[in-house]
Structure formats: C-alpha cells, structure tokens
Amino acid sequence: MTTRQTAATDPADASDTNYDYVSDDIERPDLVAALERRISGDVRFDSYSRQLYATDASAYEVTPIGVVFPADTEDVAAVVEYCAQEDVPVLPRGGGTSLAGQTVNEAVVLDFTRYMDAPLSVAPEARTARVQPGVTLSKLNETLAPHDLKFAPDPAAGNRSVIGGAIGNNSTGSHSLKYGKTDAYVEEVEAVLADGSVTTFGEVTLDALREGADPDGSIRERVYAEVHRILESESDLVRERYPDLKRNVSGYNLDWLVDEAESGSVNLARLLAGSEGTLALITEVTVSLEPVPETKAVALLTYDELMTAVRDVVAVLEHDPAAVEFIDDTLIDLAGDTSEFEDVVGMLPDGTRAALLVEFYAEDDETGREKVDALVADRVGESAVDAIEAHDEAARGRVWKLRKAGNPILLSRTTDEKHLSFIEDCAVPAEHLPEFVGGFRDVLDDLGTFAAFYGHAGPGVLHVRPLVTTKTAEGLATYEEISDRVTELVVDLGGSVSGEHGDGRARTQWNRRLYGDSLWETFRELKAAYDPDWLLNPGQVCGYEPDEPLPDDAPERARRVSMTEHLRYDPDYEFDAGFDPALEWTNDNGFEGMAELCHGCAGCRGDQDTTGGVMCPTYRASGEEIQSTRGRANLLRQAMSGDLPDEEQFDVEFMHEVLDLCIGCKGCSNDCPSEVDMAKLKAEVTHEYHQREGASLRDKLFANVDTLSKVGSAFAPVSNWATKLPGARSLLESAVGITSEATLPSFERETLHDWFEARGGSQVAPADAERTAVFFVDTYTNYSHPEPGKAAVRVLEAADVRVELADHTDSGRPAHSKGFLDVSRNTARENVAELAPKVESGRDVVLVEPSDAVMLRSDYLDLLSGPAVERVARNTYGVMEYLDSFRLDERLAFDAPDESLAYHGHCHQKSVKKDHHAVGVLRRAGYAVDPLDSGCCGMAGSFGYEAEHRSMSDAVGEILFDQVAASDGERVVAPGASCRTQLGDRDDDAERPPTPIEQVARAVRTER
C-alpha cells in the first residue's frame, strides 16, 4: 500500500502542479506591485481573476480593476489609503451573492472570504459575538450552536453569504416577523474609512455627537457633523417619507437613526447597515445574538384561489407567527412537473392554487400544537380549504421544501428569456398585498409576460421574477418598464422598492422617486461626508443623475448607476462557442443555453460541513473561486462571448487553470440550483481541444484502460510485479505523468467472465427466475477486483434473478471522462446494439460500478439518440438500486449482522438521485447505516493518478476522511472503485472498503 502524503495547505503549492489559479495576463502591473509592497494578503489583477469577480448573483457584469484578498485590518487600510492617493475606487465583497448588482463595479475588489473569515470571540452571557466580515452566517451559527444562540437574520443564502454582506445589504430572511433586519443586531464595528484611516463606530450620545462634529475636519468628524445635521434638520422629513415597514432596505438607514435619537443616543454602526459598501469598509463587528427557539410547529394552509390566500395574510398575522410564506399557483404547477418536488406537491389537496406556510416558535411541543390548532380552527373553512400540519423536524422539512422550490425551478431556464432579479423584492404593508399582487399581474399581462409570486408574505415581501430577455432592445425596454410601473405601484401603496436584496444597479435609480428630491440630496451629502471623492463602490444607493451637472468637486463616477447598463446580457451580446458541439443538447438553446445557465447564486461555494452535497469538491479543497462551478461556468461563457481573448477556451493555460481541475463529479448537475452541468460542458471543450491540439499519451492510455486491463490480466501476475520493480513508479511518473503516490490497480488472471463461465453460468433456470438481469461487468470489476461482481451474482441469484453477462466490459466512461467523445460514442453504439434487443425481450441491465451505470443510463443519451438508447437507459440499474426498486431483497433471508456502517455514496449516483437505494437495502439487511452527506473522494477515475493533480486529490480526500473519522460507523463502505482506492490509501492501517453489495452478500443466510 502506498502511504498517503499529507496534502499541502494549498494544493497548488505542491511541486508538481501545473496550475496557480490565475492567468499570465496582468492588468496594471504598477498598481499590483505597489499593493503587494504594502500588504501581506494576495493581489490578483490577472484576466481570469478580474472576470471571475465581474459578476455576482445579479443580472449585471462589470470587470473590476483587480482583486485583493486582505489578511487583516492593516491590509484593508493600506489598500484603501493607497487607492485614495491614486484615485482608484474600492469595493468590499463577500460571497458575491448580491441579487441587485451591488458587488460588481469598476474598482479594486476586496474579497474578505479568504483570510478575514473567522468568528473571533463569543460572550454567551452578554449574547454577543465578535466576528470578521468574511465569516459565513452558517459558520457563525455553527460556532454559536453549543451556546444555544444564533445570529437571528436568516437569508436563504446563509451557507455562502457572509456577515459583512448581511450588514451591507441589511439582510433578513423568512423569520423577519420575529427578528427584524441585520441592523438590529449590529452593536459595534471597526471600519476603514475612505482615506484609509481606521475607526470604531458604535453607540454615541447626541451630546458626544455634537461635540465631535466638524464639517471641515477628518472624515469621522464630518460624518458626525452630517449625522447631527440630519437629526436636527431632517428628522420630520425622514419620518414622513420613509415607509412604515418591517422590511425596507432601500437608501440609507436614516429611519433607524431618527428613531434611535429619541432615546438620546444613536448607534452609528447601524447606519452602515444597508449602505452596500458605499460609506466604509467593515473589518470587525460585534453582533448581538438570540436564543435558539425550543421548538417549532408548521401549518400549510391551502387555498383554491390565489387572491384568497393573499387577502388572508392579515388574519394569519393576528396569530403572532414567526414566519408566513406564500406559494402561488405558478410555482405549484412548476414544482409538480419535477421529479424532485412532485412528491411534496402531492401532499396538497386537489385544486390547490395557493398556500401559506405558517411557522410558530414555541417553548414546547404542546404549545406549538396549540398555536397550530388555533390557526387552523380560525382559518380553515373561513378562507383556507385545508391545512397540513408538521410538528417533527422531518415533516417540517418537507413542507419548507415546497416553499424553497422557487429558485431551483425558476432559475433552470436555458432560454434567452430568464426569470431575472430586478424587481423581485418590493415590500408593501401586508394589508396592501392584494392590491400589489393584482397590480403587478396587470403590469405583466400588459407586457406579455408572467412571473411566480412567492416569499415572505408576513412582512409584505413577495419575490417576483418576471420572465424577460435583455438580449434584445425590445426586451430591455420591457425590463425597465416593468421596474418603472411596479415602482410607481409600490410607492402609491406605501411600500419600498427593496425589502430584502438592496439597491445596487437594479434599484438605485428608483430611490429618488421613493424618497423625494430632498432626501435624495441628503443621501448624496451623507455619502460625500463619508467618502468625499466617491471612491467606495461609487454609483450605488445614490448619486447624480446622468444628465445632471456635477458639482466642481464631484468626479464623473459620482453619477448613479442605471439599471439598463452593464448587464450580463444586452442587445450587443454575442456568443460563439468556436466549434460545433459533439454531444446531444436537448435543453433550450443547446450548448449555449447551458454555458449561460449559471446565475451566480454561489450555491457551489458552501462548505461541506454546512452545505453538504457533492459540489464543488475542488473549490472546497482550495477555496478558489476559479474552482467553483460558478467560476468555471462564468469563465467559459466569458471566453465564448468576447470578454476574454479570442478562443481563450482552447488555450493551454485555460485548460490547466479552469477545466482540468473539474473532476467530472457531476455534482453540479444535481446540487446546483440551476443544474449547470459542468462535467458535460468540460467534455465538449476537451473534445474540441483534442481535435485541435491532439491528446497526451497519458490521456490516451487512460481512455483505453479496458484494453490495457485486458492485457494486464492476460499477463498477471507478471504485470503486477512490473510496477513494483525499483524505480518503476518514478519512471512512470517522469515519462507519462502517472503519480508514484497512488496505489495502481492490480490485475487478476481469472476475470469475472472466466469465473462465471467456469461455474456454468447462471444458477437460476429461466423458468424459476423472478427477473432476468444482463450483468454489464465493468473493466475494473472484470479484470482487477472481481469480488463485488461475484457478490452481485450470488445475491441476485439468491433473490431468484437469472444473471447473464454482457459481452462487453467497456462502458465508454474512461474515454468520455477524458473528452474522447468519438470513442465513447462508438463504444456506446456497440453496447446499445447488444443490450437493446435484450432489454426489449424483458431483461434488465445491471451494473455494480456507479460511474458505469450512470454512463449507460445518462451519458449515453448525450451521445446517441433514438428509441434503442432510450430503452437501454430506462432499464439500466445499479445493483443496489435494482434490489431496492423491485424489492428483491425481500426475497432474501438475512443473518442479522452485528456491524454499523458509514456509507459513502458515489458522486455520479448522487447526480441522478439514486444514492439512497444502497442505504435502504443495507438497513433491511440488518446493518446500522450512517449515510455520509459527502462529496467526491478526490480520486475521480484517473484524476488522482495524474501527478500534477495528486495534491488536489489529496486535499479533496481529506474532507471525506474527516467525515469518515467523525462517523459512528465501524466500517466504511463505498460502491465506487475510485472511492475505495482513495479511502484505502488514506493511511497504512486503512482497509480498502468493501462495496455495499459485498456487505449484503455477507449478511445473506446461506440456507433458507
């Protein structure tokens, strides 16, 4: 066994890697050199990094000047001070989850999520925590959990959005009825001002505010002076013009300021809430905390008419819920058409056209039930048709799953028309929701489009994403007209243009209409007090109109942003892949539609321990944006739409930095909210790269591993000795690039096909067979490790399944994963020609290796079309899925095993939602099973054998190993050959894990 080496802190630090996450094309090298001399963090002004930070989760794209990853407050101050001297704008950024475009600008971007991302201290008695701005909300709450405390605002993106962003946006979430917005929890901040000076903002008395004010002094003194002026002169105007809402995050936080002043003091830290990085850069913050509720209870009220549900919100609020969420008919219909959500929609009574999800916090289960009972008694029969109650955690999760179905469904369109976020979070008083929904629908009807209405009905914030395109002049005009007319509606109803997601590029221009000319001017004066040269995220929240004369001391960047400028897709946008795709693309707009699908939500950036799921393994190991699905998808699209040099996607540097470290796990095709299929995109581009540049000898060897294995088996055991000769592995690494650190497969002289033939074929006669399975024995199982195949045959036959072996052993997976699509297509064609007639005669296709099973059932449909391949795909099963789907294991008798298992499923299984079958069968066989919510093992077929990728493979593997070590399972089981190799190499004492089917075979009673 090869002893595993400890992965480097950064996989790119290993000596044999060929990547460093950046391109060689550097913008403004003089500025780079100056900043690098001043800070200990990282400075990146290369073309890849700049394009990676040109987008966020909004509809906008602005290429920044460069990107800096500050290590500490001193770094931030040094960057801001130097940029101020050089008249260079600066933009603070967290997870890049902004939906309004406030985290993209022509500026030096400071990303706080790399180094300044830690909880610093917790004071449980005081219910406060001191944190850095780059810590994610989920990580913060994980730290607070042992104290039964939490940071209360709960935006949906909390597993990748950070506390600095929450303050910048003044974020909240589903439970704002109970907790309000972030501003209520900001107690004190350490901040870097526009000149690079560091200060602390917190509570200050009005007397101290007045004494510290000097309109001609330092920035801090000018801020004091302007705040004092606002309180003295404009408090009445603020009270008059600010909407009376729980959820208003438009403009600056002046209403909070005015309300606080009535107590004789104000907290200037809270003035930064909702400022979107335009006033100061937060480097540390003290936040107050809330106790975690003892328990919860949920009622899903169902309605047969949408407007009835909308009108019922006010009555529901009288029951003092913690959350009231709305789901409309469009979303119910769309969810019902998806395999993921159809079971949840199936809970609803027939004829349901809308629903209100109502959640209560309670001291105990009895109180929770009483609250639900009171609500149901009050509303069902009065307005609601029925109610579904949910009291335990699993039941509540099912109900919430329906509410959370909105984004994944709406954001999966690959057409030019998309459900864009630009007017999606208006807030109105709850009593005006009927007028708002009706008026909004009228606007959409007039303009010939539609949207789903869902979200936070309790505080009057419904998420509405109209279906529009900005790629045409007509679509762009519709985009702006919807905003114009809906803003007018909202203002008339006493609402706000943003109740949650902020102003940014989408809504800044409407703040003047919302607040009036006088307060618009106040915003500009406050901005100028904090930032006299308009260097901090300029143009957002407020600014000068495009046709308005600028004051002599105001730079051109002081003009406010426009919602129709700097869009990711506009009428001038052009896409050119540079080749004709080789695969079948059945989605709308084909390859282009998939390349443009990522909307930037950053779902791929969550940590394994807080987000779970498969994607994105190399991002989780490196923390590099370029290794996230979002990063790769954006760079690929930008390379094909002119943002990068012509045909950059075929450059060797692009392949190394962007595509090679995509390990083809397929996690994004399932775990990404939009289901971006990066593995398929990579296969297309890699195939074209081979057509243009040729392929390496190593890639050709891995693509033809079936032939190599056949030869290796024929010459075993001599072929196994050869790689163990002194110097053989070093020679292999230097000559071909196959690492000497990983355990190479060995070969068996007797293949599984030989064993099966020697035993006389199937032991179940056709007349006695419950089913007949064509066992497609993959390359590895046939030539290197037949035991799982033997176990599969024995278990299937014990369940009265007649087993026949397919003639071929190569599914095409190795060639496909290396981008040899012509080879994998020919292999697929041969296999379909053999298997289709057998399937048509009533046989099933069964495999033990998950990646090969998914190849037949999923990837073949990308390579071939027609009824034959569709028939094979429909009738192909992994062996554990086969046992579970047809309940074949119920025909078996088991000796109750005294063993607990940690189950690590295969990425490809998870991508097609087939991972759960093994857990069910193992449990019915008598095992206690802990199914790990794990990602990729890091071996990923040939990836972990490639010398330049081994350090990344190790780093990915460490995440899995930690999960295995933390599990209560006595033994880890894994169905994938790569996974078992990686787990077996984790240390000298590690067992190579058995497969689930081997564990089932061990538990089967030999005499029935």
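Positions are given from 1, in the same order as the sequence printed here. Computed from a predicted model, the values in this text were never measured in an experiment.
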Heavy-atom pair with the smallest gap, counting every atom of V964 and R986:
CG1-NH2, 4.3 Å
Against P994, only a single residue in R971, E787, R980 fulfils side-chain contact (heavy atoms from CB on, under 4.5 Å); can you say which?
R971
Sub-4.5 Å side-chain heavy-atom contact between M678 and L659:
yes
Considering only heavy atoms from C-beta outward, does the side chain of V921 approach that of P996 to under 4.5 Å?
no
Under the 3.5 angstrom rule, does the side chain of S858 hit a backbone N or O of M855 as a donor-acceptor pair?
no
Does R857 reach the side chain of E881, with side-chain heavy atoms less than 4.5 Å apart?
yes
Is any NZ, NE, NH1 or NH2 atom of the basic residue among E948 and R698 found under 4.0 Å from an Asp or Glu carboxylate oxygen of the other?
yes
Identify whether the distance between the nearest side-chain nitrogen and carboxylate oxygen of K818 and E946 falls below 4.0 Å.
yes
What is the distance from atom CZ of R729 to atom NZ of K724, rounded to the nearest 0.5 Å?
10.5 Å
Under 3.5 Å, is there a donor-acceptor pair between the T809 and N782 side chains?
no
Say whether, by atom type as modelled, one donor and one acceptor occur between the side chain of T779 and the main chain of D706 under 3.5 angstrom.
no
Got W585 and L681 here, is their nearest side-chain heavy-atom distance under 4.5 Å?
yes
Please determine, by modelled atom types, if D10 and Y21 share a side-chain donor-acceptor pair under 3.5 angstrom.
yes
Between Q982 and F961, what is the shortest heavy-atom contact and its length?
O-CZ, 3.5 Å
Pair R794, K790 - check side-chain contact (heavy atoms from CB on, under 4.5 Å), show working.
CA-CA 6 Å; R794 291 172 178 138; K790 295 176 183 179; 3.9 Å; yes
Test side-chain hydrogen bond (donor to acceptor under 3.5 Å, both in side chains) applied to H906 - qualifying residues, sequence neighbours left out:
none
Does M880 reach the side chain of V1000, with side-chain heavy atoms less than 4.5 Å apart?
yes
If we count only N and O atoms by modelled type, under 3.5 Å, do the side chains of S740 and E733 hold a donor and an acceptor together?
yes
Using side-chain contact (heavy atoms from CB on, under 4.5 Å), reason through L805 and F775 one step at a time and then give a plain yes or no.
CA-CA 5 Å; L805 298 193; F775 185 14; 3.7 Å; yes
Heavy-atom nearest pair, V854 first then H908, reads CG2-O, 3.4 Å
For E750 and D754 the tightest heavy-atom approach is CG-CB, 3.7 Å
Given 3.5 Å as the limit, does a donor-acceptor pair link the side chain of T618 with the main chain of C662, or not?
no
Donor-acceptor check, side chain of T751 to backbone of Y783, threshold 3.5 angstrom: yes or no?
no
Could you go step by step and tell me if D985 and T743 meet the side-chain hydrogen bond (donor to acceptor under 3.5 Å, both in side chains) rule?
CA-CA 7 Å; D985 278 358; T743 301; 2.7 Å; yes
Verify, without hydrogens or angle tests, whether Q963 (side chain) and D933 (backbone) share a donor-acceptor contact under 3.5 angstrom.
yes
Under a 3.5 Å cutoff, is there a donor and acceptor pairing between the side chains of K913 and N670?
yes
So, taking the atom named CD in E624 and the one named CZ in R114, what distance separates them when rounded to the nearest 0.5 Å?
4.0 Å
Compare all side-chain heavy atoms of L883 with those of L796 and state whether any distance is below 4.5 angstrom.
yes
If we ignore hydrogens and angles and just use 3.5 Å, is the side chain of E584 paired with the main-chain N or O of L864 as donor and acceptor?
no
Is there side-chain contact between Y945 and T981, with heavy atoms separated by less than 4.5 Å?
yes
Would you mind writing out the side-chain donor-acceptor pairs for residues 709-719 within the sub-3.5 Å range, not counting sequence neighbours?
{"unit_1": "S709", "atom_1": "OG", "unit_2": "V705", "atom_2": "O", "d": "2.8"}
{"unit_1": "S713", "atom_1": "OG", "unit_2": "E748", "atom_2": "O", "d": "2.6"}
{"unit_1": "S719", "atom_1": "OG", "unit_2": "G712", "atom_2": "O", "d": "2.7"}

Can a donor-acceptor pair be found between the side chains of H904 and S934 at a distance below 3.5 Å?
yes
Worked check of side-chain contact (heavy atoms from CB on, under 4.5 Å) between V795 and V879
CA-CA 10 Å; V795 170; V879 64; over 6 Å; no
Begin from the C-alpha positions of L635 and Q638 and carry the test side-chain contact (heavy atoms from CB on, under 4.5 Å) through to its verdict.
CA-CA 5 Å; L635 283 178; Q638 288 161 336; 3.5 Å; yes
For S951 and P11, the nearest pair of non-hydrogen atoms, with its separation, is OG-O, 2.7 Å
Separation of L847 CG from Y882 OH (nearest 0.5 Å):
12.0 Å
So, do M952 and Y19 sit near enough that their side-chain heavy atoms are less than 4.5 Å apart?
yes
dist C598:SG -> R632:CZ (nearest 0.5 Å) comes out at 12.0 Å
Cationic N near anionic O, under 4.0 Å, R692 to E647:
yes
Approximate separation, where rounding is to 0.5 Å, of T611 OG1 and R605 CZ
11.0 Å
When S824 is tested against each of R813, R829, H816 for side-chain hydrogen bond (donor to acceptor under 3.5 Å, both in side chains), which residue passes?
H816
Taking atom CD of E693 as the centre, report whether more than 12 heavy atoms of other residues, nucleotides or ligands fall under 6.0 Å from it.
yes
Donor-acceptor pair, side chain of D852 and main chain of V848, under 3.5 angstrom
no
What is the distance from atom OH of Y903 to atom OG of S967, rounded to the nearest 0.5 Å?
13.5 Å
For E36, side chain to side chain contact (heavy atoms under 4.5 Å, CB included) partners two or more places apart:
V32, V43
Return the orientation label for the H785 and Y780 ring planes: parallel under 30°, perpendicular over 60°, tilted otherwise.
tilted
Which of D671, D862, D859 passes salt bridge (charged side-chain N to carboxylate O under 4.0 Å, His left out) with K666? Answer is D859
Does either side chain, that of E849 or that of T781, offer a donor lying less than 3.5 Å from an acceptor on the other one?
no
Sub-3.5 Å donor-acceptor pair from the side chain of D46 to the main-chain atoms of D24, do we have one?
no
Is there a donor-acceptor pair under 3.5 Å between the side chain of Y927 and the backbone N or O of Q999?
yes
Do F591 and F579 have ring centroids that are under 6.0 Å from one another?
yes
Are any side-chain N or O atoms of Y860 and backbone N or O atoms of S811, one a donor and one an acceptor, separated by less than 3.5 Å?
yes
Grab the two heavy atoms, one from Q608 and one from G613, that are nearest each other, plus how far apart they are.
NE2-O, 2.9 Å
